[in-house]
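Data block below; observations after.
Order of appearance sets the numbers: ligands from 1, and atoms from 1 within every ligand. In this chain, numbering begins with 1 at the start of the sequence shown.
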Amino acid sequence: MSAEDKLTRESVLAALEDVKVPGTKVSVLKVDLIGEVRIDGDEVAVQIVRTTEKEETINAVGDLVAEAIGVLPGVASLTIEVDDRSEPQEAPAGPHGQSSDPFAAREKLPGVARVIAVASAKGGVGKSSVAVNLALALRDSGHRVGILDADIYGPSVPIMLGADQQPEISDTDRKITPIDAHGLQMISMGLLIPESQPVVWRGPMVFSAVRQFLKDVQWSDLDYLVVDLPPGTGDAQLTLVQQVPLAGVVMVTTPQEVALTDVRRGVMMFRSVDVRVLGIVENMSYFICPDNGKSYDIFGRGGGARVAEQFSLPLLAEIPIDPAIRESGDAGRPIVLQGSGPVYDSFLELAHRVDELAVQNQPE
Ligand SMILES: Nc1ncnc2c1ncn2[C@@H]1O[C@H](COP(=O)(O)OP(=O)(O)O)[C@@H](O)[C@H]1O
Ligand SMILES: [Mg+2]
């Protein structure tokens with residue numbers, strides 16, 4: 001690294017000096033909008049002090065800071081944190097976070113006994129379909145269940161559950177009341193985040209906003225909260241799973257080998273932050289032809305079983321390809337609401353397995 005590539009506190013502060021409070025010519029440093037600035041080798045962490053309730057303003061400042069610091073030579077990663085002075089707490093340990101204890105930020109969610117995250121290495125494998133049907137199957141097994149759509153890049157849970165109204169946010173304490181959807185308590189992050197948020201900076205800023213939302217949602221006496229994570233196994237997913245103690249992650253995949261390589265990466269990533277993967281769900285496993293009742297392995301069934309074996313994980317379910325899964329999802333009435341049939345049975349079995357494993361793995 002050459003001398004001019006060296007990252008110093010001075011170069012970071014000089015860059016921040018040029019960042020102005022949105023709509024003004026005043027530097028963010030002048031009005032104490034910036035809290036702690038930490039530099040560790042080539043990693044920078046900047047705290048934005050919450051001086052306003054307005055999430056848009058905080059987000060806008062975050063964008064400007066990210067722009068200014070992102071172009072500095074020698075910066076490998078930038079973590080932006082929002083410092084809520086009103087409620088002092090440990091800084092979240094993001095994937096590039098500086099906290100030596102990655103679990104310091106894991107705070108139990110009020111009103112929730114157990115959190116199950118549904119993850120996938122890629123989009124389009126049926127993660128949301130599995131999340132909503134698993135949630136409904138857990139409810140059918142007698143539990144009180146909530147569902148959190150954390151997939152801000154493609155929020156589909158509200159559509160699948162036929163409930164896209166905004167949740168109520170109390171004027172006095174900002175508490176958010178989940179929507180009722182087929183007996184589930186439901187919140188979609190996508191509905192709470194302003195659309196003006198530029199997608200490219202969504203990562204760090206949005207997930208600090210998510211942390212705020214998570215604390216503000218008033219779940220009522222849930223046995224299970226099922227979280228539909230964003231697809232992929234990168235920083236955003238890590239940040240999210242580091243917000244709360246999880247009973248475990250359910251990994252959804254399709255049987256093809258290409259999907260499985262990504263699943264392996266995902267399993268290793270969750271393990272690296274001590275999040276337990278409960279098992280694998282192979283979706284779109286096989287197709288039962290309605291004309292002759294024969295089973296066809298369209299994508300080559302069995303990939304899920306192979307990856308499960310490789311990591312000594314249980315294969316929790318094999319869900320068939322069934323046009324009714326798509327149609328019912330599009331219509332806002334997921335297939336489990338039918339209350340019978342082979343797909344219903346496989347989701348009910350999945351719920352039982354998840355329940356058994358989650359109880360064994362209850363975090364302190
Ligand atoms: N087992 C299945 N059989 C038929 N269609 C499915 C199945 N699983 C998911 N789908 C459909 O595939 C599409 C993608 O599923 P979705 O759950 O939205 O995936 P993801 O959340 O992983 O992006 C949706 O149209 C959904 O209805
Ligand atoms: Mg989805």
Taken in chain and number order and not counting sequence neighbours, the residues that satisfy side-chain contact (heavy atoms from CB on, under 4.5 Å) with Asp221 are Arg144
Who are the side-chain contact (heavy atoms from CB on, under 4.5 Å) partners of Arg9, not counting sequence neighbours?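 If we apply the side-chain contact (heavy atoms from CB on, under 4.5 Å) test to Arg9, skipping adjacent residues, the hits are Leu13, Val37, Ile39.
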I'd like to know if the side chain of [X] and the backbone of [Y] have a donor-acceptor N/O pair within less than 3.5 Å.
X	Y	result
Arg139	His182	yes
Ser27	Glu17	yes
Gln47	Glu36	yes
Asn133	Val336	yes
Thr8	Ser11	yes

Test side chain to side chain donor-acceptor pair (under 3.5 Å) applied to Asp355 and Tyr224, step by step: CA-CA 9 Å; Asp355 185 31; Tyr224 282 103; 2.5 Å; yes
If waters are left out, how many protein N/O/S atoms lie within less than 2.8 Å of the Mg ion (ligand 2)? 1
Within the protein, flag every N or O under 3.5 Å from an N or O of ligand 1, and note the pair and distance.
unit_1: ligand 1; atom_1: 1 (N); unit_2: Asn283; atom_2: OD1; d: 2.9
unit_1: ligand 1; atom_1: 1 (N); unit_2: Pro320; atom_2: O; d: 2.9
unit_1: ligand 1; atom_1: 3 (N); unit_2: Asp322; atom_2: N; d: 3.0
unit_1: ligand 1; atom_1: 3 (N); unit_2: Asp322; atom_2: O; d: 3.4
unit_1: ligand 1; atom_1: 8 (N); unit_2: Asn283; atom_2: ND2; d: 2.9
unit_1: ligand 1; atom_1: 17 (O); unit_2: Ser128; atom_2: N; d: 3.4
unit_1: ligand 1; atom_1: 17 (O); unit_2: Ser129; atom_2: N; d: 2.8
unit_1: ligand 1; atom_1: 17 (O); unit_2: Ser129; atom_2: OG; d: 2.6
unit_1: ligand 1; atom_1: 19 (O); unit_2: Gly126; atom_2: N; d: 3.0
unit_1: ligand 1; atom_1: 21 (O); unit_2: Ser128; atom_2: N; d: 2.9
unit_1: ligand 1; atom_1: 21 (O); unit_2: Ser128; atom_2: OG; d: 2.8
unit_1: ligand 1; atom_1: 22 (O); unit_2: Gly124; atom_2: N; d: 3.3
unit_1: ligand 1; atom_1: 22 (O); unit_2: Val125; atom_2: N; d: 3.2
unit_1: ligand 1; atom_1: 22 (O); unit_2: Gly126; atom_2: N; d: 3.0
unit_1: ligand 1; atom_1: 22 (O); unit_2: Lys127; atom_2: N; d: 2.8
unit_1: ligand 1; atom_1: 23 (O); unit_2: Gly124; atom_2: N; d: 2.8

When you compare the side chain of Leu229 with that of Val241, does any pair of heavy atoms fall below 4.5 Å?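 When only atoms from C-beta onward are counted, Leu229 and Val241 do touch, with a gap below 4.5 Å.
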